[in-house]
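Input: a single structure, listed below in structure tokens.
Predicted, not measured: the structure shown is a model, and the values here were computed from it.
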Amino acid sequence: MKYHFIGIGGIGMSGLALHLAAEGNEVYGSNFEENERVEYLRRVGMRIYIGHARENWENPDVVVHTTAVSRGNPELERSISEGVPLLYRMELLRKVIASRNSLSVTGTDGKTTTTAMLSKVMIDAGKDPVVFLGGKSPHLEHGNYRNGEGPIVAEVDESDGFFASFSSLHAIVTNVRGDHLEHYNNSLKNLQAHFHYFAKRITGIFIYNADDEASKRLFGGMGITFGENDGDYRFTKRTCDRTKQSFEVYHGKHSLGRFTLNLPGIHNVYNATAVIAMAAELGIPMDIVKNSLATFKSVDRRFTFRGFSEEKNLYFIDDYAHTPDEIRNTIRGAKESYPDRKIIVVFQPHRYSRLARENGRFAASLKSADAVCVYKLYDAYEKGRYAVSEVEVLEGLKNYGVESYHADDYNDILNWLDSKRDAVVLFLGAGDITEASKLSALKFG
């Protein structure tokens, strides 16, 4: 079979492209711009067109696209006019997951790190999994994908309604919060109904967060729980030292032992506890799990160290956190890891619809920082007119009495940082703010 991917450079699309190629199919595609995944796919032999055009065509059997690709796209229009079957990315992932035993991870926050942790445990336990990840992990051969003969471990994106129709054997739901509501008729109840339907289709082990109120309401009595204050699997006695933390996990009254993570933040302990629960239920020995988690390295853009300025005594850390809860957890983790330093943030809002929906929560999540530079919003190709901008975050921070600054470009960010000393600089957001973290480390390092 020959597959044409529209937007092949996306993190989810590129993983599926790698899988189809590994299965012996011919795969090529197009992408709006050059990026790291496009370069990687070319290195492994795929043909990639930059830009979208009717001429980007090699008579495919199937065209794969995302919900972001709409009518008017010349490649989509050509596939329709020539009667070539169309598949959404999530439809294709659903077919792949249904093809063999699978372990799916979904939820609003933490699913990429949880999937990466789970995949490493499965690899270290000799299960030889196929892995689909929504980020780049140093433990996977292709970064966001691994081929294998065993079960599938997949991060399942909840950003649109497709995930509710997945038929996975086992699953973890990290938490349920009101994000991506534009794909659910702006209804939190609609989103929650999709999560409930997803859970009902799990035929094996289902694990969810007992400390998450929405999850308790949605899934109460449906599966196995994890948490700090409640749950079948509970973590306790947590200690922190820089970017290392350790904690003990109990299953009921039985201790499974003490675990170590080379990652900061209590949110990562929640992620790890979910993985420990799944591993225990699958019968994986705890000594393997302990060693696997102790040697786990972070997914790219999850508290990723970019560099250090000796002259200014600044640490530069890049993180994908882009929802209020993720931002709050990341700042909290930084304060635990660096209790003797100021924490300053360079934040980029992601999507107009999210900024409008959160209605002030971003400023509230950032107020514990010592200073914040707010960078121009990344629209993620979002269409439509919204009466909001990143200025809303600035005004909220000023109301909280937090030192704040507005940056229109990378030079503005660098100029702001030039006056800073003796601090940890967090670059937070899901857009192109990551480039600013690299530039800053290069300029001041």
Side-chain angles (χ1 to χ4, degrees), residues 100-105 110-133 135-155 168-174 202 204-209 223-228 231-241 243-299 302:
R100 64 173 89 177
N101 288 345
S102 59
L103 297 86
S104 295
V105 179
K111 55 186 173 289
T112 301
T113 297
T114 304
T115 306
M117 288 179 176
L118 180 59
S119 66
K120 185 175 186 297
V121 168
M122 296 289 285
I123 292 166
D124 293 345
K127 303 300 183 183
D128 193 24
V130 174
V131 181
F132 295 96
L133 184 67
K136 284 175 55 190
S137 167
H139 303 295
L140 301 181
E141 177 188 1
H142 298 287
N144 62 335
Y145 172 72
R146 180 188 190 272
N147 193 26
E149 297 298 324
I152 293 171
V153 177
E155 176 180 347
S168 185
L169 178 61
H170 309 307
I172 294 170
V173 174
T174 58
I202 303 305
I205 302 162
F206 176 59
I207 294 173
Y208 66 94
N209 187 343
I224 295 160
T225 56
F226 69 94
E228 178 182 21
D232 300 305
Y233 291 85
R234 294 176 293 106
F235 68 86
T236 186
K237 302 174 186 176
R238 174 176 171 257
T239 61
C240 307
D241 180 18
T243 56
K244 180 180 289 187
Q245 54 185 330
S246 64
F247 53 98
E248 192 166 355
V249 173
Y250 281 82
H251 181 206
K253 295 182 178 180
H254 172 65
S255 173
L256 299 181
R258 196 154 188 87
F259 297 80
T260 300
L261 283 179
N262 289 303
L263 295 174
I266 194 171
H267 57 293
N268 280 317
V269 178
Y270 273 96
N271 297 336
T273 305
V275 170
I276 292 163
M278 179 62 78
E281 293 296 318
L282 292 172
I284 296 174
M286 283 298 107
D287 59 340
I288 293 176
V289 180
K290 289 177 186 178
N291 182 68
S292 188
L293 291 176
T295 55
F296 176 79
K297 295 179 181 178
S298 177
V299 176
R302 271 65 177 182

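How far CG of Asp124 is from CZ of Phe296: 11.0 Å, rounded to the nearest 0.5 Å. Atoms CG and CD1, on Leu169 and Ile205 in that order, are 7.5 Å from each other to the nearest 0.5 Å. Once rounded to the nearest 0.5 Å, the distance linking CD1 of Ile123 with CD1 of Ile288 reads 13.0 Å. How far OG1 of Thr113 is from CD of Glu155: 8.5 Å, rounded to the nearest 0.5 Å. In this structure, CE on Met278 lies 9.5 Å from CD1 on Ile284, to the nearest 0.5 angstrom. Remark: His251 NE2 to Arg234 CZ distance equals 10.0 Å, nearest 0.5 Å.
Residues passing the ring-ring contact (aromatic ring centres under 6.0 Å, His included) test with Phe206, sequence neighbours excluded: Tyr208, Phe219. Take Ala272 and apply the side chain to side chain contact (heavy atoms under 4.5 Å, CB included) test, not counting sequence neighbours, and it matches Met117, Phe247, Leu261, Leu293.
Inter-residue side-chain proximity for Val249 and Phe226 is flagged as unmet; no heavy-atom pair is nearer than 4.5 Å. Side chains of Asn209 and Glu228 form no contact here, defined as non-hydrogen atoms less than 4.5 Å apart. The shortest side-chain heavy-atom distance between Met286 and Ile276 falls under the 4.5 Å cut-off.
In this structure, Ile207 and Ala274 approach most closely via the heavy-atom pair CD1-O, 4.2 Å. Of all non-hydrogen atoms in Gly148 and Val130, the two that sit nearest each other are O-CG2, 3.2 Å. The two residues Ser298 and Leu263 have their closest heavy-atom pair at CB-CD2, 3.4 Å. Counting all heavy atoms, side chain and backbone alike, Lys111 lies closest to Val105 at O-CG1, 3.8 Å. Residues Lys120 and Ser292 share a closest heavy-atom pair of NZ-O, 3.0 Å. The two residues Val121 and Ala279 come nearest to each other via the heavy atoms CG1-CB, 4.2 Å.
Residue Lys290 qualifies as enclosed at atom NZ: its count of foreign heavy atoms under 6.0 Å is above 12.
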Side chain to side chain contact (heavy atoms under 4.5 Å, CB included) evaluation trace for Ser168 with Ile202:
CA-CA 6 Å; Ser168 185; Ile202 303 305; 3.9 Å; yes
Check against side chain to side chain contact (heavy atoms under 4.5 Å, CB included), Ser119 and Leu140
CA-CA 9 Å; Ser119 66; Leu140 301 181; 4.1 Å; yes
Take His170 and Leu282 through the test side chain to side chain contact (heavy atoms under 4.5 Å, CB included) and record every step on the way to the result.
CA-CA 10 Å; His170 309 307; Leu282 292 172; 3.8 Å; yes
Between Val153 and Arg146, does the side chain to side chain contact (heavy atoms under 4.5 Å, CB included) criterion hold? Intermediate values first, please.
CA-CA 10 Å; Val153 177; Arg146 180 188 190 272; over 6 Å; no
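With hydrogens and angles disregarded, a donor-acceptor distance shorter than 3.5 Å links the side chain of Ser137 to the backbone of His139. Under a 3.5 Å cut-off, the side chain of Thr225 and the backbone N or O of Asp232 do form a donor-acceptor pair. A donor-acceptor contact shorter than 3.5 Å links the side chain of Arg100 to the backbone of Gly150.
Using modelled atom types, one finds a donor on one side chain and an acceptor on the other under 3.5 Å when comparing Thr112 with Arg302.
In this structure, Phe132 has its ring center under 6.0 Å from that of Tyr145.
Applying the side-chain hydrogen bond (donor to acceptor under 3.5 Å, both in side chains) test to every pair with at least one member in residues 265-274, sequence neighbours left out, gives these pairs: Thr114-Asn271, Asp211-Tyr270, Asn268-Asn271.
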